[in-house]
Every structure is written in structure tokens, then in C-alpha cells.
Amino acid sequence: MAKRNDSVEESEVNEAQVQKAQPADARTRPSRLAAYFVLLFFFIFLTSRLVLELEQRFDLQPFQKINTLIQQTFNFWTEFDQFAVTAFSLLLAFLFSLPIAWVYTITKIGDEPDPAMVQTLVILTMVVAGVMVVVGSDLARAFSLVGVVAAVRYRNTLKDPKDAVYIFIAIAIGMGCGFGVYLIAVWLSVAMTVTLLLMWKYRFGKMQRAAVGAAFPGDGADGKKPAQRLYDLTATASAQRLEQDLERQVRLRHYADLTAGDNIKKKANLALVIAATDANKAQNYIEKTLAEQGGKWQLAGMHSAENKTTIFEYVGRAPKENRPAALLAALQAKADAGISGIALHSLKGGKKSKAGEAARQEDGDD
Amino acid sequence: MAASTNALDLAAAKLGVPINVGMQGGDLPTRYFSALTLSALTAAAWLGVSYSNLKIGALLAGMSGTIMLMAGLVFSQKTHFAGMILILVPFLLLASTAWQLRWLGILIGLLFVATITFNIASKRCGVNKIFGIVSVGENEVCETGV
């Protein structure tokens with residue numbers, strides 16, 4: 001028992017040690033990375049010294065090209081200007097892209113701004129700046145860049161078209177910083193930030209629609225286009241109900257197709273949808289009434305709805321001598337039958353749906 | 001041999017250093033490499049090899065040490081000790097030679113070769129202890145018998 005307690009305590013201590021170790025490890029990583037870069041520059045320094053030493057001792061004519069490259073590349077003092085330009089361009093690209101990323105996070109309408117997109121805006125600006133420094137005014141490098149980009153196929157589907165605009169702004173700022181036209185880059189950053197913020201603040205697109213009203217051809221008196229009115233209609237609860245009814249009718253028609261088989265004359269031509277508050281009582285009454293009224297009826301479906309209501313769906317054929325109104329009147333005759341609503345749908349008309357036909361064929365195959 | 005190993009273990013244990021040198025993360029192989037490199041450089045200094053040649057050797061050793069230290073820092077290897085030794089000692093040796101103190105360089109080289117040999121033999125290393133590095137696998141602990 002004591003051993004078990006010891007092991008439990010040990011595991012708790014280990015867990016505590018792990019929890020304690022994780023943040024410490026995370027803290028040490030940046031310093032390790034800094035040390036890595038220091039060592040990297042030291043390695044480059046050693047390499048350049050080695051090449052110099054070897055050049056003095058041996059004939060490096062076969063390795064002249066690599067020798068020259070190493071000497072040029074690793075000689076910081078002669079290439080310091082280039083290094084400074086690159087560092088300055090990248091720094092400005094970073095600083096100029098920050099407002100764009102910030103504006104993106106606050107103006108993103110709808111869902112939460114994607115952190116990946118925000119980071120992309122900053123990084124892309126810096127990358128483009130770096131690429132432009134590399135390309136410079138060299139035509140051959142510019143053509144190479146086109147080839148490389150075509151090969152890499154950097155393509156991504158952006159959900160919001162405005163995201164693409166942000167990407168273009170980032171590219172433009174990056175290009176400005178890369179080519180050393182910092183003034184243009186900073187004005188681009190400022191102007192775009194202000195424009196985007198103003199458009200967001202005054203809801204530019206929505207404001208324009210409201211102000212212009214019915215001035216556009218094809219608009220109604222309410223200033224709405226037919227498509228807009230349809231959209232408004234479908235957004236309402238009544239439209240949802242309409243959709244529900246249509247769906248039910250299509251489903252029951254399909255059911256009637258399936259149950260009739262090839263005998264079109266026996267196919268159900270009516271659908272009876274009954275809402276009941278007391279399912280048992282209502283079902284007994286409905287089936288008794290339907291039998292009295294004549295015709296062939298079949299329970300196609302039964303499901304619960306809101307307010308503890310049960311929906312019965314019957315499909316069938318009413319006798320020719322009985323009108324549907326008489327059927328409805330008979331069903332509504334008894335007040336305490338537990339029926340709260342009745343709807344009668346016609347299943348007549350229309351061609352057989354291809355889907356129904358296919359389903360029937362499938363059933364036949366089975 | 002066993003008696004000498006036990007004596008080494010006891011000596012290292014007295015210093016308060018636990019067994020922390022093993023094959024994990026390339027710790028032991030890089031120690032072998034650094035011991036061989038430093039032995040070669042010390043021998044070259046002893047044999048009176050020219051300063052220029054010694055410099056080339058020291059630069060190569062320093063470059064390999066830099067790579068080992070970089071691997072230890074970022075890529076989670078356990079090659080810190082070998083890296084540091086290979087950066088530090090060749091340049092101390094080179095500096096001693098440049099200041100006309102070749103014998104001092106040789107002494108430094110011998111001292112570090114002895115240290116590395118001691119570490120390899122006892123499987124204990126103070127530098128590993130300072131950095132909290134343990135490169136001993138589960139199967140390796142039993143082999144020392146301490």
C-alpha cells in the first residue's frame with residue numbers, strides 16, 4: 001500500500017516537473033535560436049578564413065568560382081551596404097504591413113478573422129520585399145522569378161474577395177520596400193489603411209444601396225430588386241413553412257409512386273396531413289372515419305412535431321362520389337378526437353420524376 | 001582494467017557528477033571524434049607542423065565543432081560538449097603557437113584529451129551536468145556497474 005502511495009506521489013511529482021519544465025523549455029528556445037544564428041555567422045567566418053588560408057597555401061584555380069563567391073558573400077564589410085539595404089527594406093516592409101494586418105482584423109465582417117491570413121499579410125509583405133531586393137533591376141532575375149512562381153503555383157482560394165485585396169496591398173507594399181521606394185510604400189500603407197477603415201466605418205456598400213433607393217432600373221417601389229425581395233421572402237418563417245410543405249408533398253408523391261408500382265390507376269392521388277394532440281385517440285378516429293368514407297388509404301408516415309403534436313401522413317384515393325371537402329368535414333366533426341389541424345394535398349398532375357422512376361427500378365432490382 | 005574503471009568511477013562520483021554520458025543524441029560518438037581530432041592536432045603541434053597547416057586543421061576542427069554545437073542547440077542533439085571543446089581547444093592551441101608558446105598549446109591539448117578520455121571512460125561529464133544533459137539510454141546504465 002505504501003509502495004502504491006509512493007508511486008502515486010512519484011507520478012504527481014513527475015507531472016509537476018513536466019508542467020514546470022514545459023514553459024521553461026519554451027522560454028529557452030528563443031535564446032537557443034539566437035545562439036544558433038551566432039554560431040552560424042561564426043561558421044561562415046571560419047569558412048571564409050579557411051578559404052583564405054587554403055588560397056595562400058594551394059592553387060585554387062579549379063575552384064576559382066566558388067572561391068570568389070565565398071570571398072564576396074562572406075565578406076561582411078565590403079557587402080555591408082547590401083546587407084543594410086536588405087535589413088532596412090525588410091524592417092520597413094514589416095512596419096508598413098502591420099497597419100494593414102490590424103485593419104484586416106477589425107474590418108473582417110462576419111466570422112472571426114483568420115490568424116493565418118493576418119500573419120500571411122505581414123509575412124507576404126516581407127517576402128515580396130526580399131524577393132524584390134533579390135531581383136533588383138536584373139531582367140534575367142525577373143524572368144527567373146516568373147518561372148519559379150509559375151512552377152511553385154502559389155494559389156489559394158480566398159473565401160472573401162476582400163481578402164485578395166489585402167493580399168495585393170501586402171504585395172504592393174512589399175514591392176515598394178524591395179525596390180527602395182519607401183515613400184511610395186509608406187503612402188500606400190497609410191492610404192490603404194485609412195480607405196479600408198473609412199469603408200468599414202461607414203459601411204460603404206450598404207450605405208450606397210440605401211441612399212440610391214429605387215433609382216436603378218428594374219427595382220420596385222420599395223427600392224429592392226426582385227432578387228432582393230425573393231431573398232427577404234425566403235428568409236421569413238412563412239417561407240420556411242412553404243418549403244416544408246413542398247418537401248412533404250414531393251416526398252409523399254414519391255411514396256405514392258413507389259407503392260403504386262406499374263399500376264397507374266391505383267396510384268394514390270391525395271395526401272392527408274393531420275396534426276394531433278392525442279396520437280392514440282386521433283389515429284383510431286382518423287382510420288375509422290377514412291374507412292367509413294371509403295377509398296383506399298395508407299399511413300405513409302408519422303412523426304412528432306412542436307408542442308407535443310404528432311403529424312400523421314396518409315396517402316390514398318378518395319372515392320369519386322365523395323368530395324375532399326366532405327372528407328375534411330367528417331374528420332373535423334368530432335371535437336374531442338384530439339385533432340388540431342388537417343391539410344389535404346393533391347398528388348395529381350406532373351410527370352413522374354426521374355428520381356422516382358430510378359428508385360422504383362432499384363426496388364424492382366432488389 | 002575493471003579495477004581502473006572502478007577507480008575512475010569513484011573519482012568521478014566524488015566530484016558529485018552522475019552517470020550522464022551515453023550514446024543518445026550522438027554524445028559519445030562526438031566525444032570520440034573530438035578526442036581523436038584534438039589528439040591529432042596536439043600531435044601535429046608536438047611534431048612541429050607549420051603554423052599555417054596547424055591553422056587549417058584548427059579551422060576545420062572549429063567548423064566541425066560549430067556544427068555540433070548548432071545541432072545540440074537547435075536540433076535536440078546532445079553534442080554540446082564535443083562542440084564546445086572543438087571550438088575552444090584548437091584555437092587555444094593555435095593562439096599558443098602564434099605567441100611562440102607551442103609547449104603550452106601542447107599541454108592544453110593533452111589536458112583536454114585526458115579530460116575527454118576520462119569522461120568517456122567514467123561516462124560522467126561535468127559540462128553535461130551543468131546543462132542538464134543526460135545521454136544515457138536505459139540499457140547503458142547497467143553496464144557501468146556503479
Side-chain angles (χ1 to χ4, degrees), chain A residues 6-7 10-11 13-64 66-77 83 123, chain B residues 18 25-26 30 33-34 37-38 40-41 44-45 49-95 97-98 127-134 138:
Chain A
D6 286 348
S7 67
E10 197 179 331
S11 68
V13 168
N14 286 341
E15 278 176 21
Q17 281 174 347
V18 167
Q19 283 174 355
K20 203 177 174 181
Q22 278 171 347
D25 188 41
R27 274 201 301 274
T28 53
R29 272 184 188 170
S31 61
R32 282 183 175 207
L33 209 59
Y36 178 86
F37 278 113
V38 169
L39 284 169
L40 186 63
F41 282 106
F42 183 62
F43 180 80
I44 291 167
F45 169 74
L46 290 182
T47 311
S48 63
R49 299 301 301 171
L50 182 69
V51 170
L52 271 177
E53 199 63 36
L54 288 173
E55 198 179 19
Q56 286 171 7
R57 294 276 301 158
F58 306 104
D59 176 27
L60 293 181
Q61 196 59 38
F63 306 101
Q64 193 57 46
I66 184 78
N67 184 26
T68 314
L69 270 175
I70 289 172
Q71 292 301 336
Q72 280 181 352
T73 311
F74 294 158
N75 199 339
F76 286 109
W77 301 116
F83 169 74
I123 300 297
Chain B
T30 51
F33 176 78
S34 59
T37 309
L38 289 187
L41 278 175
V49 172
S50 70
Y51 175 75
S52 179
N53 282 341
L54 205 61
K55 192 176 178 183
I56 290 170
L59 282 168
L60 285 169
M63 285 165 71
S64 55
T66 312
I67 290 171
M68 283 176 198
L69 196 52
M70 282 155 77
L73 282 172
V74 175
F75 300 110
S76 304
Q77 299 302 302
K78 293 172 179 178
T79 53
H80 302 68
F81 178 79
M84 283 191 296
I85 288 287
L86 281 176
I87 290 170
L88 185 70
V89 182
F91 292 107
L92 281 176
L93 203 149
L94 200 65
T97 312
V127 176
N128 272 14
K129 190 190 170 190
I130 292 166
F131 285 107
I133 297 167
V134 179
E138 284 177 10

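A note on names: the letters A, B, ... follow the listed sequences, proteins ahead of strands, and every chain is numbered from 1.
Atom-to-atom distance recorded for A/Q56:CD and B/K55:NZ is 7.0 Å, nearest 0.5 angstrom. Put simply, CG on B/L60 and CG on A/L54 are 7.5 Å apart, with the number rounded to the nearest 0.5 Å.
Taking a 6.0 Å sphere around OH of B/Y51, one finds it holds more than 12 heavy atoms contributed by other residues, nucleotides or ligands.
Using a 4.5 Å cut-off between heavy atoms, A/R49 contacts chain B through both its backbone and its side chain.
Test A/F43, A/F42, A/F45 against B/M63 for side chain to side chain contact (heavy atoms under 4.5 Å, CB included) and you get one pass: A/F43.
Across all non-hydrogen atoms, the minimal contact from B/L73 to A/A35 is CD1-CB, 3.6 Å. Minimum interatomic distance between A/L39 and B/I87 (heavy atoms only, all atoms of both residues): CD2-CD1, 4.2 Å.
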